[in-house]
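Counting convention: from 1, in listed order, for ligands and their atoms alike.
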Amino acid sequence: MLEMKNYKFWFCTGSQDLYGQECLDHVAEHSKIMVDRLNKSGILPYEVVWKPTLLTNAMIRQTFNEANADENCAGVITWMHTFSPAKSWILGLQEYRKPLLHLHTQFNREIPYDTIDMDFMNENQAAHGDREYGHIVSRMRIERKVIVGFWDDKEVQERIASWMRTAVGIIESSHIRVMRVADNMRNVAVTEGDKVEAQIKFGWEVDAYPVNEIAEAVEAVSKADTDALVEEYYSKYDILLEGRDPEEFKKHVAVQAQIEIGFERFLEEKNYQAIVTHFGDLGSLKQLPGLAIQRLMEKGYGFGGEGDWKTAAMVRLMKIMTQGKKDAKGTSFMEDYTYNLVPGKEGILEAHMLEVCPTIAEGPVSIKCQPLSMGDREDPARLVFTSKTGKAVATSLIDLGDRFRLIINDVNCKKVEKPMPKLPVATAFWTPEPSLQTGAEAWILAGGAHHTAFSYDLTAEQMGDWAAAMGIEAVYIDKDTNIRGLKNELRWNEAAFRLNLS
Ligand code: MN
């Protein structure tokens, strides 16, 4: 499901012919060494491709247009080894439409004090040339990432790696298609939004299907296929009968297995990568899709509850951005439920009715069947677990009527003090930065939803860079947040977006 294109990033070095061929030979040699070392670092998630040194207006324009046309190219990394007069870059930059990284670096780490002469200075003057280039990108108001530091340092390579994931999110955003099974939950505001504007801004296609059309696809799944998946569940997860009859329990689980297969076939056939459901509009489905949705999220599908297509698309996007990450800790749909307000132990218990992605689980994952206490269907089977600890990011995309805002909160995930044996859902527990009090106050002032797209494997910087590339407002809530500053920021953003200064 999460199989994606074999994306590559082009490495384009800027120079000019003022210093002669010998200098240009060195420039090409240096950039080839750098690309080779970057690829061998084992840190970058995608390959870097060396391109011939860019010297002229025509070459620059042609290269950027080739990058636009190459569907495997997810972005261009630029660096001015010597000096490259920036008017040469105007036409190319104007026509370029993909993510842009300005790597502000230098081939040599240290000034060669004993041997340095003017030839060396002319050849190695990124401090000079990168300012000329940076000026024109700023003057043209082009959104780009600037990363500064020695190219062979692990920290710089990790920042490039992180930006590459953002860039792939930017490129892949326009391939996200969300299937709405039934409509938004009646009367709920924050999960609503302008689907036309979402397609203009993010490239998302958001379509509705009558619930019984997908229910028919579920009913068409054979018993043999269903039983085989039930066997897989029973071999993979702990079974918590809690006094229920084992055969009756298994029949409940089989309903979810049939939904998983039916939904996945329907989504694949119609080319959707995210889905929303609504507990109040289930047509002929026998249970609210619980375990089934949890498994689909684990496979890489986006999901939002109660018709929340914005969060479903965000979960899918964040799964794309973390694809193939080594030691990934997981990405999920999530919902703020209930607080612990004990001083020193403050936090938010996170869960959903059923649909939390098992990629975030720590320890055993079990199947339970319990009444839903909402809606009118039979007790749905669901996966139950607790989640990993550590830093993570929770995001909420809201529609303010005249624009979208992405709220990004750094959170610290913790273990709850005690087990919660009577709670029949998967959970996480976190304290938002800078504290529960300020974090939640800021979240509410910013208009954030109860639903979030959550990941241990992405940073606020990555999510904010994605929002900037989409041309929408990003509000960060982190260790530096204070309410007075945040209120001013929201007020100023209001003016900036009204004047279209974004
Ligand atoms: Mn919900």
Legend entry - Distance under 6.0 Å and angle within 45° of ring axis: K250 vs Y234: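 So K250 does make the cation-pi contact.
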
Legend entry - Under 3.5 Å side-chain donor-acceptor pair for N184 and T191: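 Distance-only check passes for N184 and T191.
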
Inset, instruction - Examine the side chains of T431 and N412 and answer whether a donor and an acceptor come within less than 3.5 Å of each other. - result: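 There is no such pair between these side chains.
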
Inset, instruction - Could you walk me through whether L38 and I160 pass the side-chain contact (heavy atoms from CB on, under 4.5 Å) test, one step at a time? - result: CA-CA 10 Å; L38 286 171; I160 298 171; 4.2 Å; yes

Inset, instruction - Could you name all protein N, O or S atoms found under 2.8 Å from the Mn ion (ligand 1)? - result: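 Protein N, O or S atoms closer than 2.8 Å to the Mn ion (ligand 1): E306 OE1, E335 OE1, H352 NE2, H451 NE2.
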
Inset, instruction - List for me each residue that meets side chain to side chain donor-acceptor pair (under 3.5 Å) alongside N68, sequence neighbours excluded, and say none if there are none. - result: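 None.
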
Inset, instruction - With Y272 as reference, evaluate W204, F266, Y301, Y209 under the ring-ring contact (aromatic ring centres under 6.0 Å, His included) test and give the passing residue. - result: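 With Y272 as partner, ring-ring contact (aromatic ring centres under 6.0 Å, His included) holds for just one option, Y209.
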
